[in-house]
Amino acid sequence: AQSVSQHNHHVILSEAASLELGCNYSYGGTVNLFWYVQYPGQHLQLLLKYFSGDPLVKGIKGFEAEFIKSKFSFNLRKPSVQWSDTAEYFCAVIMEYGNKLVFGAGTILRVKS
Amino acid sequence: NAGVTQTPKFQVLKTGQSMTLQCAQDMNHNSMYWYRQDPGMGLRLIYYSASEGTTDKGEVPNGYNVSRLNKREFSLRLESAAPSQTSVYFCASILDRGYNEQFFGPGTRLTVL
């Protein structure tokens with residue numbers, strides 16, 4: 001069965017620090033990959049997605065992610081975080097032409113001002 | 001477009017009570033999903049409906065039933081609520097398989113005493 005691993009459950013950074021959140025998945029076939037963000041008290045919103053093409057994907061609010069097929073990874077990055085990036089971040093994977101999205105356990109990011 | 005809507009936003013039940021969570025989408029999406037979100041466990045799929053008239057179990061279906069009433073609506077029923085069902089429930093929808101992102105509703109926070 002597919003699974004998604006997010007390496008850190010809690011991350012605390014100071015403003016302007018760089019961010020990298022790890023995500024690895026277990027599935028050998030073609031997948032579509034997503035990062036969702038959930039701000040406190042809100043529902044999930046899409047940050048970025050990868051379906052095909054350039055493995056470096058840019059999303060909203062300055063986030064980007066790199067798909068490395070050989071490592072089954074889709075890590076999320078931001079060069080300089082802001083206090084408003086405090087949220088929980090979820091990596092998710094769906095098999096190509098599949099209809100079930102599998103989520104990682106989430107990473108809670110707290111940015112200190 | 002309202003997107004994905006859910007009712008109610010909050011609910012408190014006593015053990016053994018029943019209730020139905022409602023979800024509707026106005027994007028003409030084919031597939032709809034119910035997830036529960038628990039701290040440190042990400043989102044886990046309860047049930048999904050790949051198309052009108054079909055429903056399938058997800059990862060954690062025990063204690064729940066669903067109805068895909070029509071293309072727009074997908075309800076989740078707890079027949080006899082248990083404290084272990086205290087969670088935040090999210091409904092989501094997707095246009096079709098594979099190459100589309102899921103859109104999430106605002107969530108229902110359920111507490112079972």
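In the text below, chain A, chain B and the rest are named by the order of the sequence lines, each starting its count at 1.
Here the closest heavy-atom approach between residue B:Gly40 and residue A:Ala105 is recorded as O-CB, 3.5 Å. Closest of all the heavy-atom pairs between B:Tyr48 and A:Lys100 is CE2-CD, 3.3 Å. Closest approach of A:His43 and B:Phe104 over heavy atoms only: ND1-O, 3.5 Å.
In this structure, chain B has no heavy atom under 4.5 Å from any part of A:Gln45. At a 4.5 Å heavy-atom cutoff, the contact between A:Glu88 and chain B is made by side-chain atoms alone.
A:Tyr36 is not connected to B:Ile46 by any chain of hydrophobic side-chain contacts under 4.5 Å among Ile, Leu, Val, Met, Phe, Trp and Tyr, and they are in different clusters. Following chains of ILVMFWY side-chain contacts shorter than 4.5 Å, one cannot reach B:Leu45 starting from B:Val66, and the two form parts of different hydrophobic clusters. Linking ILVMFWY residues whenever their side-chain heavy atoms come closer than 4.5 Å, directly or via other members, leaves A:Val102 and B:Val60 in distinct clusters. No path of Ile, Leu, Val, Met, Phe, Trp and Tyr side chains, each step under 4.5 Å between heavy atoms, connects B:Leu78 with B:Tyr35, placing them in separate hydrophobic clusters. Linking ILVMFWY side-chain heavy atoms closer than 4.5 Å, directly or via other members, places A:Val37 and A:Ile108 in two distinct hydrophobic clusters.
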(request) Report the C-alpha distance between B:Met41 and A:Phe103 in whole Å, list the side-chain angles of each, state the deciding distance to 0.1 Å, and finish with yes or no for side-chain contact (heavy atoms from CB on, under 4.5 Å). (result) CA-CA 9 Å; B:Met41 304 188 78; A:Phe103 284 85; over 6 Å; no

(request) Decide yes or no on side-chain contact (heavy atoms from CB on, under 4.5 Å) for A:Leu46 and B:Phe103, but give the supporting numbers first. (result) CA-CA 8 Å; A:Leu46 184 69; B:Phe103 290 83; over 6 Å; no

(request) Step by step, work out the side-chain contact (heavy atoms from CB on, under 4.5 Å) result for B:Leu43 and A:Phe90. (result) CA-CA 9 Å; B:Leu43 276 77; A:Phe90 294 94; 4.0 Å; yes

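Options B:Gln37, B:Arg109, B:Glu59 differ in how many heavy-atom pairs under 4.5 Å they form with chain A, and the most are formed by B:Gln37.
Residue-environment remark: CZ (B:Arg44) exceeds the threshold of 12 foreign heavy atoms within 6.0 Å.
Residue A:Leu44 holds its CG atom at 9.5 Å from CD of B:Gln102, rounded to the nearest 0.5 Å.
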